Enquirer: 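One structure, pasted below without further comment.
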Amino acid sequence: MATRNKTRKPAAAVKTAPAANKADFEQNVEKMREMIVHHLLCTIGTSEQKASKLAWWEALVAAVNEKIFERLTQTQHTHSVKDTRAVHYLSAEFLMGRLTVNNLCSLEIYNVAREALKRCGQDISDICEEEPDMALGNGGLGRLAACYMDSLATLDYPCVGYGLHYENGLFRQEIRGGRQVERPDSWREYGCPWERCRPESVQNIPIGGYVETQRAPDGSERRVWHPAHLIKGVPWDIPVVGFRNSSVAILRLWESRATEAFNWDVFNSGGYLDAQQEKAAAETISKVLYPNDSTEAGKELRLTQQYFFSACSLRDILRRYNRTHHHDYSEFADKIVIQLNDTHPAIAVAELMRLFIDEEGLDYSTAWDITSRTFNYTNHTLLPEALEKWPVRIFEKLLPRHLEIIYYINYRFLNGIVEKTWPGDNDVKRRLSIIEEGAERKVRMANLCVIASSRVNGVAEVHSKLVREELFPEYSSLWPDKFCNVTNGVTPRRWLLACNPGLAQLYTDTVGDDWPLHLDNCRKLRDFADDPKMQKRFMDIKRDNKVRLTAEIKKLTGVEVSPDAIFDVQVKRLHEYKRQHLNLLYIMSLYRRIIENPNLKIVPQVFIFGAKAAPAYTLAKDIIYAINAVGARINSDRRVKDMLKVVFLPNYRVSLAEKIIPAADVSEQISTAGYEASGTSNMKFSMNGALTIGTMDGANIEIVAEAGEDNNFIFGLSVDEVIELKKHYNPWDYYNGNAELKAVLDWFDSDYFTPGRPGELSSIKRSLLDGGDPFLVLADFASYQEAHQRVEKMFANKKRWAHAAIVNSASMGKFSSDRSIAEYADRIWKLKDYQISDK
Ligand code: 26W
């Protein structure tokens with residue numbers, strides 16, 4: 001792939017490389033120190049003596065921003081002069097995390113900044129801990145968008161990320177009495193120094209109201225929308241810094257505000273609403289991120305959010321396009337490509353059609369031709385409950401004109417290509433229709449996306465196959481070339497260079513300092529996988545990371561763990577399909593063996609969990625409670641003699657992931673085969689030298705293809721076996737047929753883990769037996785147990801383990817998000833890269 005191995009002009013590298021020359025480094029440190037102190041005094045308005053850590057952090061950011069904003073301007077200027085084709089990544093979520101360390105690494109001034117702060121008596125790690133996470137996402141999909149922005153900037157592609165400027169990100173999780181409690185996350189309570197408001201690019205977005213037919217003097221008719229309200233969209237720009245180049249991409253997030261003037265030309269008999277109430281309603285739109293990552297809530301506010309940011313973004317795109325093209329849309333699809341990150345921004349399809357037809361005067365066919373060449377859609381989930389369907393009733397109320405347009409798109413589709421392909425077949429029409437008939441009629445957003453997009457992709461090979469064959473079989477026979485795969489990736493800058501400096505240095509010493517741009521280079525380390533010196537250095541780094549995590553665990557939970565134990569980690573959203581309860585069942589079986597057999601010796605193990613549950617997902621919250629209850633009992637049981645510890649780290653988020661992942665020995669990727677679209681933490685763990693215990697699901701399949709099944713622990717049913725077994729599955733067979741499993745499940749009904757309160761954990765057992773065990777936990781239990789035995793055995797053999805850890809880490813080249821983005825650019829977006837010159 002051309003872009004993947006693209007060579008960079010060396011000038012930038014030399015200029016910013018750390019300590020190439022001692023005198024230079026010294027000079028840079030001194031200059032940086034002066035800048036930080038200057039900003040402390042003149043931007044923040046405090047003194048070196050009085051400054052809080054927060055103030056030092058703000059001063060550091062201000063200093064770094066001098067560089068970043070200059071490059072941002074340069075990047076935009078270049079793209080504007082060259083009238084470049086650009087991708088616009090529309091996503092309801094961008095899980096950016098913290099930006100400081102990442103930006104310092106991308107600019108290659110981390111060491112300079114560290115020394116500069118040291119001269120001010122400050123420790124850079126302490127200072128960077130002041131930064132709140134930008135938690136504007138739920139999980140994988142949001143973090144993927146953030147990694148993709150990093151790669152887009154690094155590979156010099158013209159792009160804009162568009163999303164919502166949530167006032168409150170994903171809730172902060174507290175654990176009280178073992179249970180999850182949600183607290184608001186006001187990440188910018190004291191302002192965010194990375195973002196810039198852009199009042200010159202404010203948009204006004206119409207919503208609600210009604211549509212009427214107007215007749216022109218020539219007798220022609222047109223539909224005219226009289227919206228009830230206008231909502232102001234205020235853009236906030238966050239720069240995304242490319243690594244070792246001069247590109248700075250933009251993430252533009254829209255905040256909703258009330259407009260000063262409302263459209264009183266409204267047919268609304270109830271008429272007047274209190275102005276303050278209207279203001280509050282408008283501002284509610286960007287108030288809070290919906291905390292669901294799989295169940296579609298079907299709430300009016302969520303559709304309003306989706307429409308609001310899509311409409312703001314499209315107007316922004318059109319405004320910029322028209323600066324050079326003056327309302328001539330013949331080149332629109334050549335200059336603009338829009339990527340829909342799942343169906344959340346799907347309403348953009350109808351809005352672009354509406355803008356073209358109603359506001360720009362294009363005819364339907366022309367509008368459709370341009371629109372359908374502009375959009376592409378990425379599917380991130382097959383879970384039926386996650387596929388968005390909006391009641392027609394809500395559409396009529398909020399977006400009456402968009403509903404008409406969707407009806408017409410559907411009409412043309414069903415009576416065109418569908419009728420031609422399957423004449424008279426009403427069943428197929430019912431299945432392919434954008435409108436679902438039933439007690440309540442609904443708009444199927446995924447169908448709208450497929451019909452309107454040039455390309456539709458899944459996020460791992462097996463997932464894309466299921467998208468084609470199970471989710472959209474008829475669509476893919478209509479348009480076989482529309483469907484494709486782009487396997488997810490993660491940025492090695494954040495997930496290796498910035499979060500694991502020890503391992504990063506080892507890579508640099510072994511393969512040179514280009515690996516963050518060409519992760520394939522790391523493959524060379526495989527040649528040293530059995531070299532005792534390499535093994536020692538690699539495992540020493542792992543141990544240092546484990547020691548650091550040990551302190552963090554103590555701080556967060558009070559539990560003391562040994563860095564010599566296996567660190568077995570499962571961190572991800574809590575969901576039945578991800579099967580944290582399978583992990584828990586195994587832990588309980590191990591505990592049971594220990595107390596039943598006082599002579600049993602096992603390899604010491606620490607099971608580490610981190611997970612947020614959707615606030616309304618009761619069973620998921622019960623599983624969190626069970627992990628904490630079982631953990632508390634095990635951790636305080638003297639008979640266990642420190643062979644087994646279980647910790648639940650509260651408030652799992654990007655910044656905590658950066659501490660956990662480099663310290664993991666074992667990565668739990670144990671979803672029911674066919675349910676995890678890709679997974680991305682699996683890649684991060686492997687990159688950092690953890691071994692995967694996992695099912696043949698999502699990207700796990702591709703990960704073990706790269707790193708070897710023998711260096712990981714694969715278990716459980718395959719996708720095909722899951723489909724087959726589901727036809728006649730009975731969990732009671734496994735309960736009755738496996739005495740140990742039965743004993744463990746029955747434990748849930750006792751008060752062993754919840755003294756005096758029997759039944760507090762029963763819901764888990766009930767879901768697995770009476771509930772039919774929809775995710776085949778019991779079916780995979782024995783195989784999972786056996787896989788864990790292989791883990792213990794290999795861990796006892798230090799050389800074998802070190803070999804596997806090194807091979808895993810060295811084999812993750814494919815899972816750099818640079819590879820993913822190069823594939824999108826090459827096969828879907830048809831984008832060219834433009835180097836930005838360093839002024
Ligand atoms: C309607 C509510 C809702 C909200 C979010 C439904 C679905 C979602 C997302 C699709 C959930 C998500 O984050 N999916 C994850 O996307 C990752 C990036 O592609 C994949 O690696 C994960 O496997 C997938 O679960």
Side-chain angles (χ1 to χ4, degrees), residues 89 91-95 135-148 163-164 166 170 289-299 301-303 305-306 339-347 377-390 442-446 449 456-464 466-467 471 485-491 495 571-579 611-617 620 654 657 669-685 694-695 697-703 775 815 817 820-821 824:
Y89 199 87
S91 178
E93 306 188 3
F94 286 91
L95 197 39
L136 310 185
N138 272 285
L141 162 142
R143 184 53 233 176
L144 187 77
C147 283
Y148 282 1
L164 271 160
Y166 300 106
L170 186 60
L289 167 75
Y290 269 84
N292 300 327
D293 79 330
S294 59
T295 39
E296 181 261 310
K299 291 279 193 307
L301 178 59
R302 184 162 164 97
L303 180 61
Q305 288 186 333
Q306 297 181 346
Q339 189 67 35
L340 302 171
N341 199 22
D342 216 281
T343 57
H344 313 154
I347 189 62
Y377 156 57
T378 305
N379 173 284
H380 294 267
T381 180
L382 299 164
L383 287 181
E385 68 266 32
L387 295 179
E388 293 192 299
K389 293 173 191 169
W390 292 101
K442 291 179 173 168
V443 184
R444 296 165 170 156
M445 302 312 266
C449 286
V456 174
N457 76 284
V459 291
E461 288 289 351
V462 66
H463 168 67
S464 298
L466 293 169
V467 165
L471 192 61
N485 171 252
V486 182
T487 298
N488 283 167
V490 302
T491 170
W495 297 110
V571 284
K572 48 185 77 258
R573 285 301 288 258
L574 212 137
H575 201 290
E576 287 164 273
Y577 86 77
K578 297 179 187 279
R579 300 200 294 192
K612 287 179 182 176
Y617 190 171
V654 173
Q669 307 297 340
I670 60 178
S671 53
T672 317
Y675 285 89
E676 189 68 271
S678 162
T680 42
S681 76
N682 45 5
M683 303 164 184
K684 298 166 195 165
F685 277 107
T695 47
D697 195 18
N700 295 353
I701 298 173
E702 292 161 71
I703 288 172
F775 299 101
F815 304 102
S817 45
S820 311
I821 285 300
Y824 277 102

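Remember, it's 1-based here, ligands and their atoms both numbered in the order they're listed. As the structure is a computational prediction, the values presented were derived from the model and not from experiment.
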Enquirer: Does one side chain, of N379 or H463, offer a donor that lies under 3.5 Å from an acceptor on the other?
Expert: yes
Enquirer: Of the side chain and backbone of N138, name the one, both, or neither that has a heavy atom under 4.0 Å from an atom of ligand 1.
Expert: neither
Enquirer: If you look at every heavy atom in G489 and C147, which pair is closest and at what distance?
Expert: O-CB, 4.3 Å
Enquirer: Under 3.5 Å, is there a donor-acceptor pair linking the side chains of H380 and N341?
Expert: yes
Enquirer: side-chain hydrogen bond (donor to acceptor under 3.5 Å, both in side chains) for E388 and Q306? Distances and angles first, verdict last.
Expert: CA-CA 12 Å; E388 293 192 299; Q306 297 181 346; 2.8 Å; yes
Enquirer: With a 4.5 Å heavy-atom cut-off, do Y148 and N488 have their side chains touching?
Expert: yes
Enquirer: Hey, is Y577 one of the residues with a heavy atom under 4.0 angstrom from ligand 1?
Expert: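 Yes, that is the case, since the closest heavy atom of the residue is under 4.0 Å from the ligand.
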Enquirer: With heavy atoms only and a cut-off of under 4.0 Å, state how R573 meets ligand 1: side chain, backbone, both or neither.
Expert: neither
Enquirer: Tell me whether ligand 1 is touched by L383 - counting only heavy atoms on the residue side and a distance under 4.0 Å.
Expert: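 For ligand 1, residue contact (heavy atoms, under 4.0 Å) with L383 is absent.
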Enquirer: Mark up the atoms of ligand 1 that fall under 4.0 Å of a heavy atom belonging to T295, in ascending order.
Expert: 2 (C)
Enquirer: Using distance alone, determine whether G142 and ligand 1 share an N or O pair under 3.5 Å.
Expert: no
Enquirer: So is H463 close enough to ligand 1, meaning a heavy atom under 4.0 angstrom away?
Expert: no
Enquirer: Only heavy atoms of V459, strictly under 4.0 Å: list the atoms of ligand 1 that pass.
Expert: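 Checking each atom against V459, I get 19 (O).
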Enquirer: Show me which atoms of ligand 1 lie under 4.0 Å from any heavy atom of N292.
Expert: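 Once the distances to N292 are compared, the set is 4 (C).
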Enquirer: Counting from 1, what ligand 1 atoms have a heavy atom of E676 closer than 4.0 Å?
Expert: 22 (C), 23 (O), 24 (C), 25 (O)
Enquirer: Find all atoms of ligand 1 within a distance of less than 4.0 Å from any non-hydrogen atom belonging to D342, and give their numbers and elements.
Expert: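 Matching atoms, with element in brackets: 10 (C).
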